[in-house]
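Each remark here refers to the structure printed beneath this line.
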Amino acid sequence: MNTVPLPFHCFTSDLCFPFLLSLSLFQVVLVGSSINERDQMLFISTDEGSSFQRQSISFTPDTVIFHPKEEDKLLAYCKEGGLFASTDLGRKWTLLQERVTKDRVYWSVSGVDVDPDLVHMEMQDTSGGYLYVTCLIQNCSDKMVTAQFLGKIDHNSLLVQDDYIFVKDVQIVSTDEDQVFLALQEWYQSDTYNLYQSDPQGVYYSMVLENVRSTKQPEESVLIDILEVRGIKGVFLANQKMDGRVTTLITYNKGRDWEPLAPPAIDMNGKPITCKAPECHLHLHLRWADNPYVSGTVHTKDSAPGLIMGAGNLGSKLVEYKEEMYITSDCGKTWRQVFEEEHHILYLDHGGVIVAIKDTSIPLKILKFSIDEGRMWTVHNFTSTSVFVDGLLSEPGDETLVMTVFGHISYRSDWELVKVDFRQSFPRQCTESDYDSWQLTDLQGEKCIMGQERSFRKRKETAFCIKGKSYTSALTNKPCQCTERDFNCDYGFERSHMEGKRCFASFWHNPDSPPEDCHLGQTYESSTGYRKVISNMCEGGLNKQQSTKQHKCPLLPPQGLRVGIKGQMLAVAPGDDITFIVHQEQGDTSSTKYQVDLGDGVRAIYQNLTVTDEPIQHRYKNPGVYKVTVKAENMAGHDEASMYIQVTAPLQEVHLEVVPIAGRSQEVNLTAVILPSEANLTVFYWWIGDNMRPTLTLQNSLLTRFPETGEVSVTVQASNGRSMVQDTRTVRVYDNFQVIPLSFSRNLDQFNPNIPEWREDIGQVVTKILIKITGVPQESLVTVVKPGLPTTADLYALPPDNKPAKRSMLVDKRIPAIMQAFNDNNVSFVVRGGLQVLVMLADPNAGLGLFANDPTATAAEIGYHGAAGGLGVWALVVIFLISIIATGSFILYKFKRKLPGSRNVYAQMHNEKEQEMTSPVNHSEDTQHIIQGEEFIDDDLDSQTLGNAGGSPAFRSLIRTTTNHCY
């Protein structure tokens, strides 16, 4: 069943009806729309409209949805957001839920959902966020509604189509043949989308076309300029917008290759056309019609393969005001011009008859039709009185030759319905001798498309006969040997625009990493970067998907453990039923044990918790704050996740921003970014470490210090009324570590969306590259990309676990290797389109930044404060004093014979056995000042922090020797 809306027809001054028809040939429901909203009613027919029963209802229906299998079951959405259900064709109704999103309600999917009475819906919770929930129409109370995901979804995003469910704001192109085609708008796009193609499960996606034009419609809907050509699988048309120019492209292999349309050789009058490729091509408007009873700008049909008729123009780009009509009968290889203005199109008898009516605002009395695929057109007067055409309808069945033109004579008149019957134009049914065959090829003449050679029937131009109900278009299918054209880039790989269009791994993807379902004892293959195009039927030949790298599945420790609640309600009322969900991103799950502590004395141990999806259900009796902890452990390692639940009850999201590395007792800024940003009266709860008493603030930031070294969990919760959202970060606290400021080549800035997830990805990429080049252990390096532009980062070099805390970090052998890697320009990665990004030292001439918090460390062991401690005023003062000392020492040496007592000073500095230097020790006042000044400097230097530039051991030894001899 489905819903077919028709234009309103008013029987009285205050009562109008739109038709709402099921697929049943017998049942019809009319929804009455009265001026008095209290007198709403339905008119129900079970005999094809011969008679109706009047049924009063207590709500104002906006949409009625018939069950796909059971004709008596209906869903009705009312304007106030309520969803109602009926099991007796609208005679009795039950309220299922309120705050339901319009047009985001779906019946169960046959063959997928077990219960046919299941309803999928998007609804708003009490916090103001939106959830994807399901329930049965027999019981859809709040406690029986099941939230299907851990967390909220985008508003107006739920889509249930075939075997797939979408809860992101994406545009779905198609979901057939076990693959999803969708369009997604990136952060840098405003009027274009990128086209992605999925794996069979619809989980992983690869880009197949960039910058597909989009158009915003009323009510914030978006139309994407892409069209699946019906009748031949794998063929799509798309309008790409590059540098302000829109061009039409076609693909024959589901997006692997795209080519512009070839222009026709002659116009509709038979005159040669000067449009020649590559400067000039055919471009088509790919718009859907606002009126559902007329065709869009391009018309195709499943039962008429290869036949495409559309409006567009010739030239270097698509022109909005040009809408000439073109047709192809060989699936886009050759085109012919048929009209100079746009027409509405209707295919009858499997495309054997093409009907065209001019798209105009003036009344018409003629239509045109063709029985030879648009080569010749006949004019037919379908009415004696001109009418404003509102739409075209054909009788059910692809074989029909009967159509109806409906419209009105004037804007105040009733409908005029004109039936047009073409059956009398054909004297007989077609036989096999009335058909020719044509073979599908692409624009280069390649016969092997999607791994097979395909041929189709077509009626001969001279055959005036009816194809009829028994007609089939497909003739032969012959598999081809596989070639490179049959393979696309695998998930995590992108096609290079510069290196022969080869597929290379994206900067964030490791092709040798094991798959998620890889368990100990199993083996897996590394991806070659290629995978066979889904639905491709080629056999043998080249196999670019076959990998030569075999790996054994390792026992991986659990990582990325998360615990949450279905619906993300972190603030609940006592006695509410709560279902906890545990999610693990990485690691083996088959041999992992999960220890669950619900915080109120209830503890349990689960095996394979994230695999079996066994629910953890609980009720908290008493108000309070409870810490829920889940510990996952196997032989390879362990992970832990926790959350705080407040038993008391709207905010959508909060993101905690904090540097992941901090020094002990160093001041650290914690910042919480909430969505929506205009939310007010928000209380922030800051949980630091294992402290069960949080710090409460009305500001979204907090300054704190970590008194002990180690890993500290920091959680922020934002509460606004009954809503509460949270985010958790782990900060590693050290006594000392080094910081190397980094910069990137400026071409990375154009890809920087300035969001935390992107910064984390780039930081991880830089760290992995350094680990591979230098051999430094992974746990010793952390790269943190800073917010804002230009893109910069800090590289943290952490002390090894087995390294004594007091040992000088200046002799750390890891640092020269890291510095050498940057100096040799070895640290780089590739982003989209093969663009190489170089990672560099922010200032190659600057010393290393170092944070030290050891009171026993010497000057040689500390260095100066870097990004952790800051350069500071003291470091500048010390450098300045060192310069004065160096100058003074040089003067003492150069002019020692001119200063009274200078020989004695020189002898004491070098060798007390030089007895010939026996000048009396009667220092002048000036000499005393010099020596006292050096002593002061030495004492001061012993208590200050020196940088690398002032850390010469020889110079410090000279100062100490001089001052010691003065005592």
Side-chain angles (χ1 to χ4, degrees), residues 127 129 150-152 558-572 578 580-585 595-600 616 618 620 623-632 638-662 666-675 679 682-733 756-757 759-760 782 784:
S127 70
L150 177 60
K152 296 177 173 57
Q559 293 181 358
L561 193 68
R562 290 190 299 157
V563 58
I565 301 175
K566 279 192 175 182
Q568 198 71 4
M569 293 299 296
L570 298 176
V572 299
I578 305 171
F580 293 97
I581 300 176
V582 178
H583 177 73
Q584 181 178 307
E585 292 183 355
Q595 302 179 41
V596 179
D597 186 346
L598 299 179
D600 61 348
I616 304 175
H618 191 60
Y620 290 97
V625 178
Y626 299 91
K627 182 179 181 180
V628 179
T629 303
V630 178
K631 296 180 180 179
H638 60 87
D639 197 7
E640 182 175 329
S642 61
M643 64 170 294
Y644 294 88
I645 181 169
Q646 296 198 17
V647 182
T648 50
L651 295 175
Q652 297 178 9
E653 186 178 354
V654 62
H655 180 81
L656 175 58
E657 293 191 348
V658 58
V659 291
I661 308 298
Q666 171 200 357
E667 192 173 73
V668 177
N669 181 50
L670 311 177
T671 301
V673 181
I674 60 172
L675 291 177
T682 302
V683 179
F684 296 89
Y685 299 79
W686 307 91
W687 308 84
I688 301 175
D690 294 328
N691 190 357
M692 289 296 295
R693 301 184 64 181
T695 300
L696 273 64
T697 67
L698 295 177
Q699 294 78 28
N700 68 331
S701 62
L702 176 69
L703 292 176
T704 189
R705 300 177 188 270
F706 303 109
E708 302 294 335
T709 60
E711 289 190 353
V712 180
S713 175
V714 180
T715 299
V716 62
Q717 289 183 328
S719 175
N720 188 357
R722 283 180 57 86
S723 72
M724 183 165 288
V725 290
Q726 77 172 26
D727 193 15
T728 301
R729 293 287 183 268
T730 299
V731 180
R732 287 189 274 176
V733 184
E757 293 83 357
R759 294 195 292 268
E760 292 175 4
V782 177
V784 179

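Basis for what follows: all heavy atoms, side chains included, without hydrogens, waters or symmetry-related copies.
- Between Leu598 and Tyr620, some side-chain heavy-atom pair lies under the 4.5 Å cut-off.
- How far CD of Gln559 is from CD of Glu585: 9.5 Å, rounded to the nearest 0.5 Å.
- Looking only at side-chain heavy atoms (C-beta outward), Phe706 and Val668 come within less than 4.5 Å of each other.
- Residues Val659 and Val731 have side chains not in contact (no heavy-atom distance under 4.5 Å, counting atoms from C-beta outward).
- Atoms CZ and NE2, from Arg562 and His583 in turn, are 5.0 Å apart once rounded to the nearest 0.5 Å.
- Considering only heavy atoms from C-beta on, Asn669 stays 4.5 Å or farther from Val658 through its side chain.
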- Task: List the steps, then state whether side-chain contact (heavy atoms from CB on, under 4.5 Å) holds for His618 with Phe580.
- Result: CA-CA 8 Å; His618 191 60; Phe580 293 97; 4.0 Å; yes

- Task: Start with the C-alpha distance between Leu656 and Thr671, add both sets of side-chain angles, then the distance that settles side-chain contact (heavy atoms from CB on, under 4.5 Å), and finish with yes or no.
- Result: CA-CA 6 Å; Leu656 175 58; Thr671 301; over 6 Å; no

Donor-acceptor contacts under 3.5 Å from residues 686-693 side chains, at least two apart:
{"from": "Trp686", "atom 1": "NE1", "to": "Thr697", "atom 2": "OG1", "distance (Å)": "2.8"}
{"from": "Trp687", "atom 1": "NE1", "to": "Gln717", "atom 2": "OE1", "distance (Å)": "3.3"}
{"from": "Asn691", "atom 1": "OD1", "to": "Arg693", "atom 2": "N", "distance (Å)": "2.9"}
{"from": "Asn691", "atom 1": "ND2", "to": "Arg693", "atom 2": "O", "distance (Å)": "3.3"}

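- The closest side-chain heavy-atom distance from Val628 to Ile645 is below 4.5 Å.
- Side-chain N or O atoms of Asp597 include none that pairs as donor or acceptor with a backbone N or O of Thr629 at under 3.5 Å.
- Atom CD of residue Glu640 and atom CD of residue Gln595 lie 9.5 Å apart, to the nearest 0.5 angstrom.
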- Query: Would Leu675 and His655 count as a side-chain contact (heavy atoms from CB on, under 4.5 Å) if you check the C-alpha gap in whole Å, the side-chain angles of each, and the deciding distance to 0.1 Å?
  - Reply: CA-CA 9 Å; Leu675 291 177; His655 180 81; over 6 Å; no

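- With rounding to the nearest 0.5 angstrom, the CG atom of Leu702 is 11.5 Å from the CZ atom of Phe684.
- Here the side chains of Val654 and Val716 are in contact, with some heavy-atom distance below 4.5 Å.
- Looking at Val630 and Ser642, their side chains never come closer than 4.5 Å, going by heavy atoms from C-beta outward.
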- Task: Mind running side-chain contact (heavy atoms from CB on, under 4.5 Å) on Thr730 and Val712 for me, showing each step along the way?
- Result: CA-CA 6 Å; Thr730 299; Val712 180; over 6 Å; no

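- Here the CD1-CD1 distance, from Ile565 to Ile616, works out to 11.0 Å after rounding to the nearest 0.5 Å.
- Separation of atoms CE (Met724) and OG1 (Thr682) is listed at 10.5 Å; rounding is to 0.5 Å.
- Applying the side-chain contact (heavy atoms from CB on, under 4.5 Å) criterion to Asp639, with sequence neighbours excluded, gives Pro558, Leu561.
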- Message: Using the rule given for salt bridge (charged side-chain N to carboxylate O under 4.0 Å, His left out), can you reason through Arg729 versus Glu760, listing the C-alpha separation, both sets of side-chain angles and the distance that settles it, and then say yes or no?
- Response: CA-CA 12 Å; Arg729 293 287 183 268; Glu760 292 175 4; 3.5 Å; yes

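- Annotation: side chain of Glu653 is not in contact with side chain of Gln726 (no heavy-atom distance under 4.5 Å).
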